[in-house]
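For reference, the structure discussed in these notes is given below.
Count residues from 1 along the sequence. In listed order, ligands and their atoms are each counted from 1.
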Amino acid sequence: MIETVDTLSVLRARILEWKRAGLRIGLVPTMGNLHAGHFSLVEALRARVDRVVASVFVNPTQFGPNEDFARYPRTPERDAEGLDAAGCDLLWLPTVEAMYPLGLHNAVTVRVPGVSEILDGAHRPGHFDGVATVVARLLNQVQPDVAAFGRKDYQQLAVISHLVTDLAFPVDLLPVAIAREPDGLAMSSRNQYLDTASRARAPALYRSLLALAQAMRSGSPAAEAASQAIAALRAEGFDVDYVEVRAPDLSPYLAGQPVAVALAAARLGGTRLIDNLEFRLDAAPSAG
Ligand code: PAF
């Protein structure tokens with residue numbers, strides 16, 4: 001069974017042992033309730049490093065006061081089994097005290113300006129401060145050579161990329177393609193909040209992004225294609241936070257740029273779903 005560690009000194013000793021043996025270490029940061037998308041991150045790392053560490057920590061600082069921190073699904077035993085089967089070497093399962101030793105109110109906070117403030121950041125104030133803060137801690141704790149993140153959280157990846165560059169963390173980031181259900185719905189731990197009727201409608205989110213890409217390839221301006229996607233989602237019963245077209249670095253998309261990314265966040269029966277699609281204007285959408 002996979003080695004599970006909940007004490008920083010024990011984690012550090014194991015990491016040191018591996019580093020002294022010249023082994024390269026990969027990290028998959030997660031909030032648990034793991035699914036095939038997470039396991040694909042473990043697999044992507046296994047091909048590149050000698051030891052894979054996964055962290056499971058439901059990070060309180062990235063949830064807003066009215067969000068789902070308390071009810072976020074926690075399945076530690078199933079997660080450990082799944083990680084074991086995926087070939088992960090160590091499960092880092094810190095307590096809140098291990099992650100925030102000075103307490104949540106005294107915690108040193110990392111804020112990544114600009115890219116944290118648009119899109120999801122505008123709708124979830126403080127969310128990316130919490131993400132950047134916990135990812136900085138995880139990178140310090142595990143000191144991986146490579147850290148893998150899913151492209152589903154496209155903006156999160158951009159925030160973490162700024163964090164790593166600006167604070168000079170000696171780590172390579174490995175973006176991994178979005179894992180989708182057969183009907184196109186991006187895999188997410190929050191999908192299990194969907195009731196049967198909402199689950200049946202949920203793939204419309206991805207379809208709206210595919211249609212948006214197609215509309216732009218046929219000559220629609222980005223804003224018009226996004227408005228059409230919003231209207232299509234509303235017709236399906238979604239309460240839309242945003243659908244926006246951006247350049248891959250999340251700066252505003254300018255007409256004529258060859259690659260764009262469409263990003264969407266919308267609620268269905270109270271469950272907030274996000275998805276994105278990066279695409280070339282002159283070809284089929286790129287995978288993930
Ligand atoms: O993507 C997630 O699951 C979380 O935001 C992360 C990166 C593990 C930080 O808590």
Side-chain angles (χ1 to χ4, degrees), residues 11 26-42 44-45 52-64 67-76 78-80 82-83 86 88 90-96 98-100 104 107-112 115-116 119-121 123-142 144 146-164 167 169 171-179 186-193 263 265 271-276 288:
L11 174 75
L27 171 66
V28 179
T30 82
M31 296 208 300
N33 194 247
L34 305 179
H35 49 67
H38 296 109
F39 300 134
S40 73
L41 303 181
V42 174
L45 276 177
V52 178
V53 176
S55 60
V56 170
F57 180 69
V58 185
N59 174 35
T61 66
Q62 69 187 75
F63 288 80
E67 294 186 353
D68 55 345
F69 173 67
R71 73 171 182 133
Y72 196 85
R74 289 158 171 89
T75 51
R78 203 158 51 75
D79 292 346
L83 288 168
C88 186
L90 187 145
L91 169 56
W92 171 222
L93 203 61
T95 56
V96 175
M99 187 59 76
Y100 293 103
L104 291 174
V108 174
T109 301
V110 180
R111 196 174 68 83
V112 177
V115 70
S116 288
L119 302 165
D120 251 36
H123 288 269
R124 302 182 68 190
H127 168 66
F128 287 119
D129 297 355
V131 171
T133 297
V134 80
V135 170
R137 285 160 193 257
L138 287 164
L139 293 176
N140 245 338
Q141 292 162 352
V142 179
V146 189
F149 292 90
R151 282 186 184 274
K152 173 172 166 275
D153 296 295
Y154 196 98
Q155 187 179 5
Q156 169 171 284
L157 196 50
V159 169
I160 293 168
S161 174
H162 285 217
L163 163 80
V164 161
L167 296 187
F169 278 99
V171 64
D172 291 331
L173 298 180
L174 177 65
V176 177
I178 299 175
M187 288 188 187
S188 163
S189 301
R190 290 192 168 101
N191 290 351
Q192 64 192 258
Y193 297 152
L263 303 106
T271 301
R272 189 169 189 276
L273 303 174
I274 61 170
D275 202 349
N276 67 78

Criterion side chain to side chain donor-acceptor pair (under 3.5 Å) on Tyr154 and Asp120, from CA distance to verdict:
CA-CA 10 Å; Tyr154 196 98; Asp120 251 36; over 6 Å; no
State the atoms of ligand 1, each with its element, that fall below the 4.0 Å cut-off from a heavy-atom position in Pro29.
8 (C)
My understanding is that we take every heavy atom of each candidate and find the minimum distance to atom 5 (O) of ligand 1. Doing that for Gln156, His38, Arg137, which one comes out nearest?
Gln156
Partners of Asp68 by side-chain hydrogen bond (donor to acceptor under 3.5 Å, both in side chains), sequence neighbours excluded?
Arg190, Tyr193
Judged by atom type as modelled, is there a donor-acceptor pair below 3.5 Å linking the side chain of Asn191 to the main-chain atoms of Leu273?
no
Pick from Asp172, Val53, Leu139: which one makes a side-chain contact (heavy atoms from CB on, under 4.5 Å) with Pro144?
Leu139
Relative to ligand 1, is Thr30 under 4.0 angstrom through side chain, backbone, both or neither, heavy atoms considered?
backbone
Please verify the inter-ring angle class for Tyr72 with Phe63; under 30° counts as parallel, over 60° as perpendicular, anything in between as tilted.
perpendicular
Test your reading of the structure: does Gln62 have an N or O sitting under 3.5 Å from an N or O of ligand 1?
yes
Ligand-side contact atoms (ligand 1) for residue partner Val134, heavy atom cut-off under 4.0 Å:
9 (C), 10 (O)
